[in-house]
Amino acid sequence: MKRLIKLSFIPVSLFLLADAWATTPESVTSSMRNQMGNAVGLVKSQIKRRFGNSSQARLSSLFSNQEFGLNAGDTPGLLNNMAAWGSPFRARTSTKPQISGSYDSIDKVTSLTFGLDGLVPQSELLVGGTLEFNNVDALYSDSENKKVDSLFVNLYLAKPLDENLVIYGLVGIGAGDVDSNYLGTIDRYDTDRWNVAAGLIYSTMLNETFITLDAGITYADQDSEAYYSPINGMDLPVDQTLLGQMTVNLEVAENIPGSSYNAQAFLNLGYEYDYQMKGSGDDEGLLFGFGARASNNGFDFEAYAQKRVGRAQSEDDVAFGLNIRRSLQ
């Protein structure tokens, strides 16, 4: 009988994460890592722009002697210093089964995230929300094609503990629609999920170099509905998929000489450990990244590329993302 296949839906940006899931565990966890990592990374990017020493807001204040922080731009209203942002993301991963060295699946992940955040009046408590649209297109070695469309709504909070250290938290819920086509036979079913994340971000300067170190933990719980599977010719029960991950990341950034847009170039190095997942022994790896950021006329721009290495059962192409943020006040 053909193997049973399940969808794993995980948040990306606090997160919306949708994922194709098969009996080979790595085919689900690889997509989860791409989506979850990008989701949390986007939220951390917004937080660092507010509070980090390498943030564009901090850089602008340093270069122009503007006020930054608690009372900068305070106006009457529900939230102060509000900003809106958007981010497209694209990743592609090839996964291998544990026994054979041939590729078991190729997963393409595309996401589009929109966010809005601001500071609670007379406070440095940052409150934000995101809406994310995700699409996963997975092609398996047995010619099955699975498409997943998902939507996630997230809330994030952040609060400086001192001038260098920020604590943050995220929570989200979402749902996904799955279409699986095997030689013209189609399975359709729905998923729902919730997720949480928390961590610390430390920012400092070493001479003219901006250093950011962060550590965090995420956890996601997704359930797929019970349904009749024409592909397998039988009823499939409710299925639960769990993924938890601990991460540590280091960013090193330098100002670009001669730039009139507070431009920076940066490098990232991260370590990931999957402490909760379904059966895969491929539970740790490294993440390398690089990019550039700049600000002009109330806009912040950040373009980045990243690649996971060191995983025995998956091989990532270079993933690309763009983050555009606009101050509303």
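These numbers come from a predicted model, not from an experiment.
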Heavy-atom closest contact (Ala215 atom, Tyr168 atom, distance): O-OH, 4.4 Å
Worked check of side chain to side chain contact (heavy atoms under 4.5 Å, CB included) between Ile324 and Phe299: CA-CA 7 Å; Ile324 302 175; Phe299 283 94; 4.2 Å; yes
Asp214 versus Lys44, closest heavy-atom pair with distance: OD1-NZ, 2.7 Å
Asp179 and Arg188 ion-paired at < 4.0 Å: yes
Heavy-atom closest pair, residues Asn262 and Ser295: ND2-OG, 3.4 Å
Closest non-hydrogen atom pair, Leu126 against Gly118: CD1-O, 3.4 Å
Worked check of side chain to side chain contact (heavy atoms under 4.5 Å, CB included) between Thr212 and Lys48: CA-CA 9 Å; Thr212 303; Lys48 287 188 286 185; 3.6 Å; yes
Donor-acceptor contact below 3.5 Å, side chain Ser87 vs main chain Leu322: yes
Minimum heavy-atom distance Glu254-Glu208, with the two atoms named: OE1-O, 3.3 Å
Spacing of CZ belonging to Phe51 relative to OG belonging to Ser203, to within rounding of 0.5 Å: 11.0 Å
Value rounded to 0.5 Å, distance of OG1 in Thr113 from CZ in Phe133: 9.5 Å
Separation between CG of Leu161 and CG of Leu200, rounded to the nearest 0.5 Å: 7.0 Å
Between Tyr271 and Glu284: side-chain donor-acceptor atoms closer than 3.5 Å: yes
Distance-only donor-acceptor check, side chains Asn145 and Asn181, under 3.5 Å: no
Geometric cation-pi criterion, Arg90 with Phe320: 6.0 Å, 45°: no
Basic-acidic side-chain contact under 4.0 Å: Arg308, Glu272: yes
Charged N-O contact under 4.0 Å between Arg325 and Glu302: no
Cationic tip of Arg293 above Phe266 ring, under 6.0 Å, 45° of axis: yes
Lys/Arg-Asp/Glu bridge criterion (N-O < 4.0 Å) met for Asp117, Arg49: no
Asn195 and Tyr219: side chain donor to acceptor below 3.5 Å: no
Test salt bridge (charged side-chain N to carboxylate O under 4.0 Å, His left out) applied to Arg50 and Glu124, step by step: CA-CA 9 Å; Arg50 290 284 186 174; Glu124 284 199 326; over 6 Å; no
Asp162, CG: over 12 other non-hydrogen atoms inside 6.0 angstrom: yes
Interatomic distance, Tyr202 atom OH to Ile211 atom CD1 [nearest 0.5 angstrom]: 10.5 Å
Asn80 to Pro121 - nearest heavy-atom pair and separation: ND2-CA, 3.2 Å
Nearest-0.5 Å distance that lies between atom CG in Leu112 and atom CG in Asn134: 9.5 Å
